[in-house]
Protein chains: 2
Amino acid sequence: MELSKHNLYRAQWSILYYLANYGSATLVEISNYLGVEKPTVTRTVTRLEELGYVEHVPGKDRREKRMQLTEPGSKIYQDVRVTIDQFEQDILKGISEEEQLQAIRIMKEIRNNILQKGDNKND
Amino acid sequence: MELSKHNLYRAQWSILYYLANYGSATLVEISNYLGVEKPTVTRTVTRLEELGYVEHVPGKDRREKRMQLTEPGSKIYQDVRVTIDQFEQDILKGISEEEQLQAIRIMKEIRNNILQKGDNKND
DNA sequence: TAGTAATAGTTACCTACGCTAACTATTTCT
DNA sequence: AGAAATAGTTAGCGTAGGTAACTATTACTA
């Protein structure tokens, strides 16, 4: 899709997105945000490090690995952001602002329902 | 998610779904419907054959492989259908019929916009 | 009608990305 | 101080996407 233009994959993008919007995050934070197990995050973050898009920033708690975007990582994020914004504009053609807000509101309600269902810490 | 309760994976389900709603289909038809390459379809259909959920029905054109659900395949489809219907009811709790129709209409418009964008036979 | 095009599928191979189980290192709690 | 909890890693499994190169069959065309 749009991401492949930038040689980025979905899971990789979702982490760049999170870091761009939250500044920095530990692997566990990312894991919770994405709803994915820790080893999955470890692997993708490692890949992003190899690509030079994210870097480790040491903190007090030496167990955790707090990550942030690098300069190139921010650059890539901005580039993809533009591509995606353009894509969104295209696919929303002919849909009024009002309709968009309606749809977003409803989707948020559904999202809340889903989150409540999956609230069990385990399973 | 809901599919894992039935030991089914997303791509597998999408093919069962298509066959349940269209009766039978060739691999190329499935490939077009799902928007994935032929080898991907070959693999997943092979897996579904191993599981005994789909079977080959010979036709005139001996190049193509027309598939349909088996008895057990239909049974599984129905079972999953029930699980998913229940799930949908749950996550739509508190959203009026009117709102649902609105959202569906808007999503269909977006879908059409996306399909038009990707209309190029190649690329 | 013989020969070429196109079409349907397959095989082999690469990568991404979920998962679980079992582990180390560090911090927190008792 | 010692046990329990937390953060992350490693190894290994399976599904699922992709491309390149191939076979078999059908359709087109000169």
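This is a predicted model, so every value here is computed, not measured. Letters go in sequence order (proteins before strands), and every chain restarts at 1.
- A:Tyr33 and A:Tyr17 have parallel rings, their planes meeting at less than 30° on a 0 to 90° scale where 60° marks the start of perpendicular.
- Between the side chain of A:Thr44 and the backbone N or O of A:Ala11 there is no donor-acceptor pair closer than 3.5 Å.
- In this structure a side-chain-to-backbone donor-acceptor pair under 3.5 Å is missing from B:Ser4 to B:Asn7.
- Near DNA chain C, meaning a heavy atom under 4.0 Å away, the residues from residues 36-43 of chain A are A:Val36, A:Glu37, A:Pro39, A:Thr40, A:Arg43.
- Side-chain atoms of B:Thr26 never come within 3.5 Å of backbone atoms of B:Lys65 as a donor-acceptor pair (strictly under, hydrogens ignored).
- Residues from residues 12-27 of chain A with heavy atoms under 4.0 angstrom of DNA chain C, sorted by number: A:Gln12.
- Contacts between residues 51-70 of chain B and DNA chain C, defined by a heavy-atom separation under 4.0 Å, are made by B:Arg63, B:Glu64, B:Lys65.
- Summarising the geometry, the separation between CG on A:Leu48 and P on C:dA16 is reported as 10 Å, rounded to the nearest angstrom.
- When rounded to the nearest whole Å, the span between OH of A:Tyr9 and C1' of C:dC14 equals 9 Å.
- Within the 3.5 Å criterion, the main-chain N or O of B:Ile95 finds a donor-acceptor partner in the side chain of B:Gln100.
- In this structure D:dA5 sits in the anti conformation; its chi angle is more than 90° from 0.
- Atom CG of B:Asn32 is separated from atom C1' of C:dT7 by 12 Å (rounded to the nearest Å).
- Note on A:Arg66 versus A:Glu64: salt bridge recorded, some NZ/NE/NH1/NH2 to OD/OE distance being below 4.0 Å.
- When atom types are taken as modelled, the side chain of B:Thr46 and the backbone of B:Thr42 share a donor-acceptor pair closer than 3.5 angstrom.
- Pairing for C:dA5 is absent, judged as Watson-Crick or G-U wobble with the two contacts each under 3.5 Å.
- Without hydrogens or angle criteria, B:Gln116 side chain to B:Asn113 main chain gives no donor-acceptor distance under 3.5 Å.
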* To do: In sequence, state the C-alpha distance, the side-chain angles, and the governing distance for A:Lys93 and B:Glu109, and then conclude on salt bridge (charged side-chain N to carboxylate O under 4.0 Å, His left out).
  => CA-CA 9 Å; A:Lys93 208 168 292 171; B:Glu109 283 187 58; over 6 Å; no

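- Taking atom CG of A:Asn7 as the reference point, atom C1' of C:dA16 lies 13 Å away to the nearest angstrom.
- Residue B:Ile76 is tested with B:Leu51, B:Leu69, B:Leu8 for a side-chain contact (heavy atoms from CB on, under 4.5 Å); the sole match is B:Leu8.
- Side-chain N or O atoms of A:Gln86 include none that pairs as donor or acceptor with a backbone N or O of A:Thr83 at under 3.5 Å.
- Look at CD1 on B:Ile30: it is 13 Å from P on D:dG17, rounded to the nearest Å.
- For D:dA16, neither phosphate oxygen OP1 nor OP2 lies less than 4.0 angstrom from any side-chain nitrogen or oxygen of B:Arg47.
- In this structure, B:Arg10 atom CZ and C:dC19 atom C1' are separated by 15 Å, rounded to whole Å.
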